[in-house]
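Fair warning: this is a prediction, and the values are worked out from it, not measured in the lab. Counting starts at 1 for both ligands and their atoms, in listed order.
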Amino acid sequence: MKWEENVRKAVPYVPGVPPIHGNMIKLNTNECPYPPAPGVQAALAAMQSEDMRLYPDPASEVLVQGLADYYGVKKEQVFVGVGSDDVLSMAFLTFFNGDRPILFPDTTYSFYEVWADLYRIPYETCDLDGDLHIRPEDYKRLNGGVIFPNPNAPTGVYEPLALVEEIVGANRDVVVIVDEAYIDFGGESALPLIQKYDNLLVVQTFSKSRAMAGLRIGFAMGNEKLIRYLGDVKFSINSYTMNRPALALGMEALRDKAYFEEITGKIVNTRERVKGELRELGFSFPDSMANFIFASHKRIPARQIFQALKERDIYVRYWDKPRINNSLRITVGTDAEMDTLLAFLKEYINRNSK
Ligand code: PMP
């Protein structure tokens with residue numbers, strides 16, 4: 001068919017499988033195993049039909065101001081979107097318009113290459129070192145922009161702020177995006193650096209540490225000028241990205257800092273315990289600072305364990321891709337969920353070692 005020549009062809013990102021049934025243990029998409037803050041649920045119950053009948057505020061003022069107050073920045077330094085995927089996609093479209101390739105790690109969030117291809121942005125990947133850390137030297141050459149997650153996905157490897165600053169500082173002529181989807185599980189955010197570097201955009205999400213993946217709330221913080229440019233692109237595509245419930249419920253979540261600290265603290269404690277137990281079962285993994293562990297077993301191939309877990313209704317994430325095809329990305333769930341996982345693994349590994 002002739003018309004196909006004019007189609008924008010895309011190779012889409014494939015998200016983890018959606019929930020299938022009630023009994024499954026879902027450790028495959030890095031959701032939070034705990035409910036959102038109690039105030040969020042109360043506000044949801046109080047929603048009015050007006051919240052559906054009326055358009056939302058196109059500037060998302062309530063949430064933008066709430067985030068600005070929470071993080072101690074100006075509201076002109078905050079941009080919000082429909083999950084950080086929306087924010088990142090908008091940032092690719094806005095900031096990565098040069099002829100030079102953008103740079104990101106070779107093992108990283110696989111959506112980056114999807115957006116680059118979709119928007120026809122040239123890109124090159126930079127190898128991680130033997131311990132799966134970013135090598136800052138690789139980012140000190142001419143490029144059209146830089147993006148990396150910190151902690152990285154799917155490895156969980158965290159880079160100290162000094163390394164982030166080294167990369168941002170070496171790239172003052174392009175925009176550097178630090179994707180901090182998992183920063184609330186123990187890392188130090190690059191946010192303070194936005195006051196010093198006008199080329200730094202820090203992106204975060206309510207999907208993991210605030211237990212609101214279903215509401216789709218993401219945000220970016222940076223220099224006012226960066227944020228203005230992002231807004232111009234957003235308002236050229238869709239004025240009303242954030243829906244009224246998401247704006248109100250996101251604001252509610254920000255009000256309860258104690259609850260946020262409680263659930264992120266619980267996840268970190270569970271993660272550290274599970275690391276020890278996985279090691280005893282013969283797994284190895286880079287030290288994760290995220291809400292997941294990227295583990296491989298010394299004898300049994302990851303693909304085989306993935307299948308066995310699936311048959312037992314325990315879902316983790318597996319990619320049949322070079323370099324990462326012998327690892328499982330296991331989201332940190334509740335203690336009870338992790339105990340079920342560990343008990344199964346113990347029995348399975350014993351059975352398969354005879
Ligand atoms: N960045 C990274 C590194 C991620 O792993 C994810 C989750 N898939 C996202 C961004 C997007 O998350 P969300 O759109 O739910 O904010």
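Atom 3 (C) of ligand 1 has as its closest protein heavy atom Asp179 OD2, 3.3 Å. Atom 7 (C) of ligand 1 has as its closest protein heavy atom Lys208 NZ, 2.9 Å. At the top of the distance list for atom 4 (C) of ligand 1, counting protein heavy atoms only, stands Tyr182 OH, 3.5 Å. Protein heavy atom at the shortest distance from atom 11 (C) of ligand 1 is Asp85 OD1, 3.1 Å.
Taking the six-membered ring where the residue is Trp, Tyr112 and Phe104 present perpendicular rings, their angle passing 60° and hence far from 30°. Ring geometry for Phe111 versus Tyr109: interplanar angle over 60°, hence perpendicular rather than tilted (30 to 60°).
Under a 4.0 Å criterion applied to the non-hydrogen atoms of Thr205, ligand 1 contributes the atoms 13 (P), 16 (O). Using a 4.0 Å cut-off to heavy atoms of Ser207, the atoms of ligand 1 that qualify are 13 (P), 15 (O), 16 (O). Within ligand 1, the atoms closer than 4.0 Å to a non-hydrogen atom of Arg216 are 13 (P), 14 (O), 15 (O), numbered from 1 in the order shown. Residue contact check: Gly83 has heavy atoms under 4.0 Å from atoms 14 (O), 16 (O) of ligand 1.
Residues Thr331 and Asn30 have side chains that bring a donor and an acceptor to within less than 3.5 angstrom of each other. Judged by distance alone, the side chains of Asp335 and Thr270 do bring a donor and an acceptor atom under 3.5 Å apart. For the residue pair Glu252/Gln41, the side-chain donor-acceptor check at 3.5 Å is not satisfied. No donor-acceptor contact under 3.5 angstrom links the side chains of Thr205 and Lys208, judged on distance only.
The other residues sharing a hydrophobic cluster with Ile324 are Phe294, Trp319, where clustering joins ILVMFWY side chains under 4.5 Å apart.
The N/O atoms of Tyr109, backbone and side chain alike, include one that comes under 3.5 Å of an N/O atom in ligand 1. For Tyr13, no nitrogen or oxygen atom sits less than 3.5 Å from a nitrogen or oxygen atom of ligand 1, counting backbone and side chain alike. For Asn30, no nitrogen or oxygen atom sits less than 3.5 Å from a nitrogen or oxygen atom of ligand 1, counting backbone and side chain alike.
Heavy atoms of Phe206 stay at 4.0 angstrom or farther from ligand 1.
Contacts of Glu277 classified as salt bridge (charged side-chain N to carboxylate O under 4.0 Å, His left out), with partners at least two apart in sequence or in another chain: Arg273.
Both the backbone and the side chain of Ser84 come within 4.0 Å of ligand 1, counting heavy atoms alone.
Aromatic pair Tyr55/Tyr240: ring centres closer than 6.0 Å.
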